[in-house]
Amino acid sequence: MLPVALLILFLPGCKKGTQVPEDTGEPGPVIIEHCGEVSGSEIWQASATHILTCDVTVTGALELEPGVQVYADRDTTLLVQGGSLLALGSSEQGILMASHEGFPLAGDWVGLVGDEGDIQLSWVTLRHAGSEGALLQLDGGTASLEQVFLSNGISSGLSSTGTSFDKIQTIEVAYVPTPLELPWTAAQVLSGVFFQEVGTEAIILTEPTLTGDATLPEQDFPYLSEGVTVQGGGRLDVGAGALLQMGGDIVVEDGSIIAYGDQIKGATIQAQDAESGFTITIGAQAEAATFRYATIIGGIVHSDASSLYFNDCVVSESPGTALVITGGIQDGDPSNLEDNSFSGAGVGLLVDYDLLPAVGDNDYSGSSFDGVVLAGGEYSTDTTVTEWYGGQVLVGGYIVLTGGVHTLSGGTLLFADGLSFTVSGGSLSADSMDFLHQAAVSGAWSGIDLRGGEASITGSTISHAGLHGSANITVATDATITGNTISYSAGWGILVQGDAEPTIGDNSYQNNALGDVGP
């Protein structure tokens, strides 16, 4: 016997407005018993009450007339295995499938199971099943569901894997722990979801790999996922007003991810709880990565895609660096990476040095650094930065220019401890720039190292370098260094090496430990 509390939980329930036949548990005057296989074509008529006395397997075609009532003995299954089930009722003549027990309880029978079958249900009520899973369990095949009421199950209302749905419209689930477990691709045809007395008021997306198109429209309930990999040209689209809660990561390998809301309703991707952060990883082969009016809570985004669009977004409660971009920005335009807000435990935005021209005006005030952080690496593409958005720029790794034409003016680069800015090829033109240490500590960084190529540094301020007795500027090639303020080096202000013959003049020197120009 079930405890009284469980008996109450699994009593038949019906949401107001759903018209279904009365479930009396008593057969009508004409009774037809069914057991075995339906291999041809059969029609179960509403003029009789139909009883499943053992498992019925449909390999052919079974049709249930509007108004028909089907009762199942304990532990029986209606299995559509490669065949078809057509059960199209109406608001006046609904179709009922329920337990044949005198006092029906959740899990009395197995339920309706589709195994690579074709199942079409309309105005159908399914009750008291789920002894081996969901009330309605669909594996593969095709399905069309409209006005379906699922009630009194042990685990799930509807559970599906690999099924291609034509539509899932007006689904009401009551008195089950888990209402809906669906493939990602089913969400885009899902509308009109109603829950009553369920354990989890959410739509669970189960499959870990997405190779098709999955659009998540706005629902009254969140979508839940333990993680997904988008591959094979798949597309994940989180629509305006939709809430996707992640208990694991999103990995986009060679497909697309779109999180596109509007000014009224954003698209939200959120960690399922405060302890479980998540990462959205967008690979170099991703076809599209677009975020507009998107809110990402408790997660981080790492994009190596060649064309990321990230505008008007909020990344909050991030457990690490909120947005890491090592690929590219769509069209390389600052208007495609601006008006975002970043907050959390780490820095807000980390980008490669050559992506700096694409960074627009964003809010980093809620992050550990109020500005943009540059990743280290070797760079050879042309880079021009004459407009600086969002205040400070922190250099977080060694930067080596190996080629290309690099023009910097009117901005500030702050260097973390021990780092350097090296020119080994190409050309650098720096005018009215500040090259400073993050905390203004003498000798904390290695300075500017001009080893090769061409360089012109004019009207700029370089200070607090000279790590290990080096210099604010080390010159081993021909360069022009004029009109600068060079100060607080733990070594030399300017150190000339080898046979270099730089043009040095009209500079201002202050507090350089080993001297202004050496050796």
Side-chain angles (χ1 to χ4, degrees), residues 1-15 18 20-21 23-25 51-57 69-81 85 87 95-115 117 119 121 124-140 143 145 148-163 168 171-183 186 190 193-207 221-226 247:
M1 290 291 292
L2 288 174
V4 173
L6 288 180
L7 291 179
I8 294 173
L9 173 63
F10 294 120
L11 286 176
C14 179
K15 193 175 181 70
T18 301
V20 298
D23 182 7
T24 64
I51 310 295
L52 305 184
T53 59
C54 76
D55 292 345
V56 173
T57 301
Q69 297 186 26
V70 179
Y71 294 95
D73 282 350
R74 184 176 295 277
D75 297 328
T76 59
T77 307
L78 179 56
L79 170 63
V80 183
Q81 191 169 53
L85 171 64
I95 295 171
L96 174 66
M97 303 175 69
S99 169
H100 190 216
E101 296 297 308
F103 183 67
L105 296 174
D108 278 347
W109 61 298
V110 174
L112 174 56
V113 177
D115 180 8
I119 296 178
L121 307 180
V124 172
T125 294
L126 181 59
R127 287 178 175 161
H128 305 119
S131 62
E132 296 181 8
L135 290 153
L136 175 57
Q137 176 72 52
L138 303 177
D139 297 313
L145 309 179
V148 175
F149 183 78
L150 306 169
S151 174
N152 300 82
I154 288 181
S155 60
S156 302
L158 165 60
S159 181
S160 173
T161 57
T163 304
I168 311 175
I171 302 296
E172 301 188 22
V173 188
Y175 303 101
V176 295
T178 303
L180 297 177
E181 297 177 295
L182 297 171
L190 180 65
V193 179
F194 304 94
F195 296 153
Q196 179 181 343
E197 298 296 332
V198 296
T200 303
E201 292 195 345
I203 300 161
I204 298 177
L205 304 173
T206 56
E207 295 180 345
F221 310 99
Y223 302 92
L224 300 186
S225 171
E226 293 303 317

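A quick note: this is a predicted structure, and the numbers were derived from the prediction, not measured. Positions are given from 1 along the sequence.
The distance from the CD atom of E207 to the OG atom of S160 is 7.0 Å, given to the nearest 0.5 Å. Atom CD of E181 is separated from atom CD1 of I204 by 5.0 Å, given to the nearest 0.5 angstrom. Atom CG of residue L180 and atom CG of residue L150 lie 8.0 Å apart, to the nearest 0.5 angstrom. Once rounded to the nearest 0.5 Å, the distance linking CD1 of I203 with CG of L224 reads 9.0 Å. In this structure, the separation between CD on E101 and CG on D73 is 7.0 Å, given to the nearest 0.5 Å.
L96 is listed as a side-chain neighbour of T125, based on a closest heavy-atom distance under 4.5 Å. When side chains are defined from C-beta on, S131 counts as touching D75, because their heavy atoms get closer than 4.5 Å.
Between Y71 and S99, the closest heavy-atom pair is CD2-O, 3.3 Å. In terms of heavy-atom proximity, P179 sits nearest to V176 at CA-CG2, 3.8 Å. Residue A98 comes nearest to H128 through the heavy atom pair CB-ND1, 4.2 Å, listed as atom of the first residue, atom of the second, then distance. Nearest heavy-atom pair, A129 versus G111, reported as atom, atom and distance to 0.1 Å: CB-CA, 3.4 Å. The two residues S155 and G133 come nearest to each other via the heavy atoms OG-O, 2.7 Å. Closest approach of L190 and L182 over heavy atoms only: CD2-CD1, 4.0 Å.
For the side-chain contact (heavy atoms from CB on, under 4.5 Å) with L79, the lone residue among T57, L85, V56, V110 that qualifies is T57. A side-chain contact (heavy atoms from CB on, under 4.5 Å) with L158 is found for exactly one of L126, V148, V173, L138, namely L138.
Inspection of the S159 and S156 side chains reveals no N or O donor paired with an N or O acceptor under 3.5 Å.
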* **Worked verdict on M97 versus W109 for side chain to side chain contact (heavy atoms under 4.5 Å, CB included)** => CA-CA 10 Å; M97 303 175 69; W109 61 298; 4.2 Å; yes
* Given side chain to side chain contact (heavy atoms under 4.5 Å, CB included), test T53 with T76 step by step and report yes or no. => CA-CA 7 Å; T53 59; T76 59; over 6 Å; no
* To do: Check the pair V70 / L78 against side chain to side chain contact (heavy atoms under 4.5 Å, CB included), numbers first and verdict last.
  => CA-CA 10 Å; V70 179; L78 179 56; 5.7 Å; no
* Go through the steps to decide whether L112 and L121 satisfy the test side chain to side chain contact (heavy atoms under 4.5 Å, CB included), and finish with yes or no. => CA-CA 11 Å; L112 174 56; L121 307 180; 4.0 Å; yes
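With sequence neighbours left out, the side chain to side chain contact (heavy atoms under 4.5 Å, CB included) criterion links E201 to F195, V198, F221. Evaluation of the side chain to side chain contact (heavy atoms under 4.5 Å, CB included) rule for D139 yields Q137, T161 as partners, not counting sequence neighbours.
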